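Here's the structure we're looking at; comments come further down.
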Amino acid sequence: MSNVEFSDKILTLNFETEVNTMKIAVVGFGAAAIGFVSEAIKKGHKIHIFERSKDVYSSSISGLRSDGKLFVSKDMGGDLHIPIEIQREVIDYYTSKLSETDRKNIKTGISFAKDSEYFEIFYSKGFEPVNSRFFHIGTDKLASVLKKIYDEFMESKNVKFHFAVKIDNVILQDGKIKVQSENFDDMFDYVVIAVGRSGHKLVNRIAEKHPELVLSGNVVDIGIRYEVPNHVVKKLNEEMYEFKVKMRTKTGYMVRTFCNNPSGKVVLEKYEDFVTVNGHSNSMAETSNTNFAILCSTSFTEPFNDPVGYGSYISKLGNILAGGRKVLLQTYEDFVKCKRTKKIGRVEPTLPNNAYVLGDVNLVLPRRIALSVSEFIQKLGEVVPGLAYPDNLMYAVEVKFYSNKLDNGKYENLKFIGDCSGHTRSITYATAHGKMLAQNL
Ligand SMILES: Cc1cc2nc3c(=O)[nH]c(=O)nc-3n(C[C@H](O)[C@H](O)[C@H](O)COP(=O)(O)OP(=O)(O)OC[C@H]3O[C@@H](n4cnc5c(N)ncnc54)[C@H](O)[C@@H]3O)c2cc1C
């Protein structure tokens, strides 16, 4: 699908640039890039998109390739102020790429509407219910949505895709910007870095050269994936599909639920040198379990400055105990009793059995995190008793890495959008971030 034209030595990037239009490089083709290009295209700029994956489908793991839950919320998705109207435009944009039948069948709901009976019940037990509206596209429908977007962009003579091109460096030079990869380098008027969290190497390289760009960092979320039978959360799932709550536990850590997948599956998230756990669901119900993450937000102060290292280290420890590229699985009861699980009970794991080993999650999670998770589940059980059934399943480790927060005000023509900017962590926010930047071009 690539339309990269390689000459003997370099990639040819020739558009005729008109007055008032810029030659723009967009590095990465994920949610943020989609938002940016969908607007920038209207302004006649010449846009080159560099994506390291070989085509539009095979990019690194993200919500655009897996699950595809779109949220409208002022309380989650990032620290930017994204007006609700813009968030709605983002949802309309993605859902308009579905077939009419799929659009009609899209699952949607509201997490903790103020008049929901659950709002008060969770609140009274110390939880902060998070209000959001969501639309679930489903893993099985995402490929066709991406293909439609790609085809539409391809129709514009101002956009060129360059797949299988990993950008290694971006260098500010005399008011212009040099974009470099193994095979070529070229100068651009304006460069947008949209490489998500998986592009941290490139962002780190730029930040090393330009420390003035870095505002703050040092955050990582660590916890487990929890799996319960559907019937336990049937009412909750029916009412809001995605229930999101957070709570400050006695340890001082804020713990939250994340990414609820009714009738979903637990999956491995594969990194180069370790695996973690995640969950997803298709648009058609597939299993009799619901899974969601329970995550502790940890943030550190000096001299510590390696949250990615910390999260990776804990994940690797889990893999070591599981004997390789596998995760640990334990029942909730055994976790509370600090006992290795040897036999599972009534809940059948949805992760294939060659991807986990029965063990003791207490040997992996630092005590403060283990205590926080334990307290959180116990409190969940006070609201919905089945949420603390002894044979519910805990998979470890689940980790959410964050990028350092970067300052987009430092340079006129070098911008960071989406998750790599450290300011977003959802499809809606990342897409809106890109869209809003392009609107102001
Ligand atoms: C498994 C998983 C499930 C998720 N599910 C959801 C969900 O249901 N709902 C939700 O709102 N959020 C979800 N998220 C979070 C969501 O995917 C991200 O917040 C969002 O995709 C961020 O968009 P982005 O454009 O910043 O980065 P991405 O969408 O990750 O895109 C970055 C792109 O840059 C490319 N790239 C990286 N480095 C380079 C380089 N050096 N050169 C060229 N290209 C490069 C990558 O291949 C990738 O295609 C999920 C995340 C994961 C990991």
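Just follow the structure's listing: the first ligand is 1, and inside any ligand the first atom is 1. These numbers come from a predicted model, not from an experiment.
Here's the thing with Thr428: none of its N/O atoms is less than 3.5 angstrom from an N/O atom of ligand 1. Looking at Lys69 next to ligand 1, an N or O pair under 3.5 Å apart turns up. Between Leu70 and ligand 1, not a single N/O pair is under 3.5 Å apart. The shortest N or O to N or O distance between Phe71 and ligand 1 is not under 3.5 Å. Close N/O approach between Ile427 and ligand 1 is found [any backbone or side-chain N/O within under 3.5 Å]. Between Glu51 and ligand 1, an N or O atom pair is found at a separation short of 3.5 Å. In terms of polar-atom proximity, Ser426 is counted as a contact of ligand 1, with an N or O under 3.5 Å from an N or O of the ligand. Between Ile167 and ligand 1, at least one pair of N/O atoms sits closer than 3.5 Å.
Atoms of ligand 1 lying under 4.0 Å from any heavy atom of Phe50, numbered from 1 in the order shown and given with element: 43 (C), 44 (N). Every atom of ligand 1 is numbered from 1 in the order shown, and the set under 4.0 Å from a heavy atom of Phe29 is 33 (C), 34 (O), 49 (O). Of all atoms in ligand 1, numbered sequentially from 1 with element shown, those under 4.0 Å from a heavy atom of Ala430 are 22 (C), 23 (O). Of all the atoms in ligand 1, the ones that sit under 4.0 Å from a non-hydrogen atom of Arg197 are 15 (C), 19 (O). Counting atoms of ligand 1 from 1 in the listed order, those under 4.0 Å from a heavy atom of Arg425 are 19 (O). Which parts of ligand 1 touch Gly418 is read off a 4.0 Å heavy-atom cut-off, strictly below it: atoms 26 (O). Of all atoms in ligand 1, numbered sequentially from 1 with element shown, those under 4.0 Å from a heavy atom of Lys166 are 41 (N), 42 (N). If you number the atoms of ligand 1 from 1 as listed, the ones under 4.0 Å from a heavy atom of Ala194 come out as 32 (C), 33 (C), 34 (O).
Aromatic ring centres of Phe376 and Tyr226: separated by at least 6.0 Å. Aromatic ring centres of Tyr150 and Phe29: separated by at least 6.0 Å. Taking the ring centroids of Phe112 and Phe122, they lie under the 6.0 Å cut-off. Two rings, from Phe135 and Tyr94, have their centers 6.0 Å or more apart.
Comment: Lys234 engages Glu238 in a salt bridge, judged by a side-chain N to carboxylate O separation of less than 4.0 angstrom.
The closest approach between any non-hydrogen atom of His280 and ligand 1 is not below 4.0 Å. At least one heavy atom of Val165 sits under 4.0 Å from some atom of ligand 1.
Relative to the ring axis of Tyr93, Lys97 places its NZ or CZ within 45° and under 6.0 Å from the centre.
At a heavy-atom distance under 4.0 Å, only side-chain atoms of Ser53, from C-beta outward, approach ligand 1. When heavy-atom distances to ligand 1 are checked against a 4.0 Å cut-off, Arg52 comes that close through both its backbone and its side chain.
Of the candidates Lys405, Lys400, Arg197, Arg197 is the only one forming a salt bridge (charged side-chain N to carboxylate O under 4.0 Å, His left out) with Asp419. With Asp189 as the fixed residue, the salt bridge (charged side-chain N to carboxylate O under 4.0 Å, His left out) test singles out one of Lys46, Lys23, Lys176: Lys176.
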Identify each donor-acceptor pair in which a side-chain atom of residues 71-78 lies under 3.5 Å from a protein atom, sequence neighbours left out, and give them as a table.
from  : atom 1 : to     : atom 2 : distance (Å)
Ser73 : OG     : Asp75  : N      : 2.9
Ser73 : OG     : Met76  : N      : 3.4
Ser73 : OG     : Asn131 : O      : 2.9

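Inspection of the Asn260 and Lys69 side chains reveals no N or O donor paired with an N or O acceptor under 3.5 Å.
Within the structure, salt bridge (Lys or Arg N to Asp or Glu O under 4.0 Å) pairs that include any residue of residues 272-281 comprise Asp273-Lys316 (at least two apart or interchain).
In this structure a side-chain-to-backbone donor-acceptor pair under 3.5 Å is missing from Ser372 to Val255.
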